[in-house]
Amino acid sequence: MKEDTLIIIKPDAFSKELVGRIISELEEVGLKIFGCRQVRLSKGEAKEFYREHRGKEFYEAVSDFMSSNPILVMVFSGENAVSRARKIMGGTDPRDAEEGTIRKRWAQDYRHNIIHGSDSLTSAKREIKFFFPGGEGIYWWKKKEFKL
Ligand code: ADP
Ligand code: MG
């Protein structure tokens, strides 16, 4: 099934100059960029984005990290985009991530793990709406107004 998923290139990917490589990893498996914004979240916005983790011991720290610097927020689309993106990202903790995955290769630790990807279609819908309310920025492509 054709799906959209939300990908975030996290601040550590910028400091490690890996932004282009991360995008290439996703494009190389046939996922297409449908929307793209560089955003600097406030702490409050980061907490809202990660609200499912409210109360967990890493909640404040991950919200600090995600609001510490700009991030690149992207909608990728393709067959089974949600699970395919998760697979090439690898597990949350790079120590457990599969060999060859983005996090295994480049993540420093549990928190500084380079990339976010929606974990389900339901999350993807909520997260895309969070960053692209009303579909602005992706809608034009969906309407097939983009022609080469
Ligand atoms: P994922 O990003 O793989 O979906 P989660 O949704 O469980 O992982 O967690 C959201 C983010 O919070 C992670 O990507 C990571 O940056 C951070 N995080 C999760 N668990 C921990 C932890 N135990 N210690 C530090 N940071 C964590
Ligand atoms: Mg998650």
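Numbers here are sequence positions counted from 1. Ligands are counted one by one from 1 in listed order, and the atoms in each one are counted from 1 as well.
- Close to ligand 1: Lys10, with a non-hydrogen atom less than 4.0 angstrom away.
- The protein heavy-atom contact nearest to atom 17 (C) of ligand 1 is Val62 CG2, 3.6 Å.
- Formation of a donor-acceptor pair under 3.5 Å by the Gln38 side chain with backbone atoms of Leu72 is not found in this model.
- Looking only at heavy atoms of the protein, atom 18 (N) of ligand 1 is closest to Phe58 CD1, 3.5 Å.
- Side-chain atoms of Tyr59 come within 3.5 Å of backbone N or O of Lys47 as a donor-acceptor pair.
- If you check which protein heavy atom lies closest to atom 15 (C) of ligand 1, you get Tyr110 O, 3.3 Å.
- Screening residues 73-89 for salt bridge (charged side-chain N to carboxylate O under 4.0 Å, His left out) gives no qualifying pairs among residues at least two apart or on separate chains.
- For Arg37 (side chain) and Val73 (main-chain N/O), no donor-acceptor pair under 3.5 Å exists by modelled atom type.
- With sequence neighbours left out, the salt bridge (charged side-chain N to carboxylate O under 4.0 Å, His left out) criterion links Arg126 to no other residue.
- Near Asn113, the atoms of ligand 1 lying under 4.0 angstrom from a non-hydrogen atom of the residue are 13 (C), 14 (O), 15 (C), 16 (O).
- Here the protein heavy atom with the shortest distance to atom 4 (O) of ligand 1 is Arg86 NH1, 2.8 Å.
- We find that Asp12 and Lys10 are not joined by a salt bridge, their nearest charged nitrogen and carboxylate oxygen being 4.0 Å or further apart.
- Listed by number with element, the atoms of ligand 1 under 4.0 angstrom from any heavy atom of Thr92 are 1 (P), 3 (O), 8 (O), 13 (C), 14 (O), 19 (C).
- Of all the heavy atoms of Tyr50, the ones lying under 4.0 Å from any atom of ligand 1 belong exclusively to the side chain.
- Shortest contact from atom 6 (O) of ligand 1 to any protein heavy atom: His53 NE2, 2.8 Å.
- Side-chain atoms of Asp64 do not come within 3.5 Å of backbone N or O of Lys43 as any donor-acceptor pair.
- Looking at ligand 1, you'll find an N or O of Arg103 within less than 3.5 Å of one of its N or O atoms.
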